[in-house]
Amino acid sequence: MDRIKIIGGERLQGAIPISGAKNAALPLMIASMLTADRLTLKNVPNLADVNLLARILRNHGVDLAVDGKRSGGVAHLGETFHLTARDIVDTTAPYEMVSRMRASFWVLGPLIARMRVAKVSLPGGCAIGTRPVDLHLQGLKALGAEIDIDGGYVLAKAPNGLRGARVTFPKVSVGATHNVLLAAALAKGETLIENAAREPEVGDVAECLVKMGVKIEGIGTSTLRIQGRDRIDGAIHTVLPDRIETGTFIMAVAATGGDVTLQGARATDLTTALQAIRHTGVEITEVPDGLRIVRNGAGLEPTTVETQPFPGFPTDLQAQFMALMARATGTSVIRETIFENRFMHVQELARLGADIQLHGDTATIKGVKVLKGAPVMATDLRASVSLVIAGLAAEGETTINRVYHLDRGFERLEEKLSRCGARIERISAG
Ligand code: UD1
């Protein structure tokens, strides 16, 4: 298994291109199942999760062609995918695939909507909590799907097709919103989703559906009104920039000091996180090609945050923020309200010398003057990148094991950082 070796202490200087958002690219790829026409997606990041979903979609009969990157093209504009689901040849999403990536469960909505039948394995993904799917099923049942669970599979059917309905989620869920939104596009009549997730990635999927001919009101709000159609068109859509990658690199610069421009980054998708990071003493300014991050050698102000659904502080940046606060000049408190088990990075950060106490959903971080490099283990996607941030700020050598977690969600991470002066390299096992 590959490892990443970091020699800490270098300031970051230069430019980093921000990739297309993983969490938008995945549901956008799934949206291709709604139509027999071609859906072209631009700015798709080259990630293990994207490649795995491509395999799953091919299994269902989706034809995928990828344009090569043109030399001299803009660095942060990723690959172009042409997806055509002329015929869905298989309505089963098997355990071997869905268990490796939770987002693949979202094929359920489009499959029942288009094929009126689906068999989808219960999902897997990062081990950051129990992560049930009750909200997905509640929403799809409201649209008329009959659902049974048997042998670890969701068996769904809608012999007369789905019908628009009112779906009121008792809790905000990104995935359940995607699943119901995608299904509603092909349901008969109007669907009203209340308490929908407002994450920018949900908005991006809705914008793409609008290009595919679906009428949707309320994009960007918690109430989505969707007029279903019996036929959906193809479209061309560009994946929005990855706000989690953006936030991660901002925190890397904050941790090491330096001056870096994040090309293609958007401030509007990150307001609460930017507020918190600015409070620590980092300068973040909007520049014509993205965001410029500057931090001189001054100490980091301790800062308290609580994760919340969008527009709150994203849970996907919680681990990185903790790595940053590990060296603040006082005590910070981080409360995780989305996932109950998303603190596995705490014990690994402690190996580098961080002083963190955990009580239930709350971590209290007493800033220390120095972190010291050590061997650590990546436990999930966002936790693993928090170890990279801590390693960049630590004295000496840090080795991160199990880096396949990183490859699921961060495109060319070592390359992007080393071009800005970080001493980071991948050590291949083979
Ligand atoms: C998505 C993101 C993930 C992010 C998370 C929260 C993708 C591919 N993944 O995950 O990076 O951390 O949103 O912003 O976009 N829940 C239920 N029942 C359900 C569904 C969810 O109780 O049926 C709970 C979950 O356990 C969790 C909370 O709702 O406590 C939010 O989860 P959800 O928004 O669904 O996360 P994902 O869509 O899996």
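Atoms within each ligand, like the ligands themselves, are counted from 1 in listed order. Here the structure is a predicted model, which is why all the values come from computation and not from measurement.
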Legend entry - Salt bridge Asp134-Lys171, side-chain N to carboxylate O under 4.0 Å: no
Legend entry - N-O pairing of Glu207 and Lys211 below 4.0 Å: no
Legend entry - Nearest option to atom 26 (O) of ligand 1, as decided by whichever heavy atom of Pro132, Ala25, Gly175, Ser173 sits closest: Pro132
Legend entry - Arg342 neighbourhood, listing ligand 1 atoms whose heavy-atom distance to it stays under 4.0 Å: 12 (O)
Legend entry - Under 4.0 Å to a heavy atom of Asp316 - the qualifying atoms of ligand 1, by number: 3 (C), 4 (C), 11 (O), 12 (O)
Legend entry - Qualifying side chain to side chain donor-acceptor pair (under 3.5 Å) pairs, either residue in residues 173-197, two or more places apart: His136-Asn179, Arg166-Glu194, Thr168-Glu194, Glu190-Arg225, Glu190-Gln227
Inset, instruction - Report, in ascending order of atom number, the atoms of ligand 1 lying under 4.0 Å from any heavy atom of Trp106. - result: 7 (C), 8 (C), 15 (O), 38 (O)
Donor-acceptor pairs are to be reported for all side-chain atoms of residues 146-163 against protein atoms at under 3.5 Å, with residues two or more places apart or in another chain.
residue : atom : partner : partner atom : Å
Tyr153  : OH   : Tyr95   : N            : 2.8

Legend entry - Thr307 side chain to Glu336 side chain, donor-acceptor N/O pair below 3.5 angstrom: yes
Legend entry - Thr315-ligand 1 polar pair, N/O distance under 3.5 Å: no
Legend entry - Short N or O distance, Ile338 and ligand 1, threshold 3.5 Å exclusive: yes
Inset, instruction - Report yes or no: does a heavy atom of Lys171 sit under 4.0 Å from some atom of ligand 1? - result: yes
Legend entry - Close N or O approach (Leu135, ligand 1; < 3.5 Å): yes
Inset, instruction - Without swapping roles, check the side chain of Thr272 against the backbone of Pro311 for a donor-acceptor pair under 3.5 Å. - result: yes
Inset, instruction - Check each heavy atom of Arg102 against ligand 1 and say whether those closer than 4.0 Å belong to the side chain, the backbone, both or neither. - result: side chain
Legend entry - Any His405 side-chain heavy atom under 4.5 Å of Leu387 side chain: no
Legend entry - Subset of ligand 1 atoms that lie under 4.0 Å from at least one heavy atom of Asp134: 17 (C), 18 (N), 19 (C), 22 (O), 23 (O)
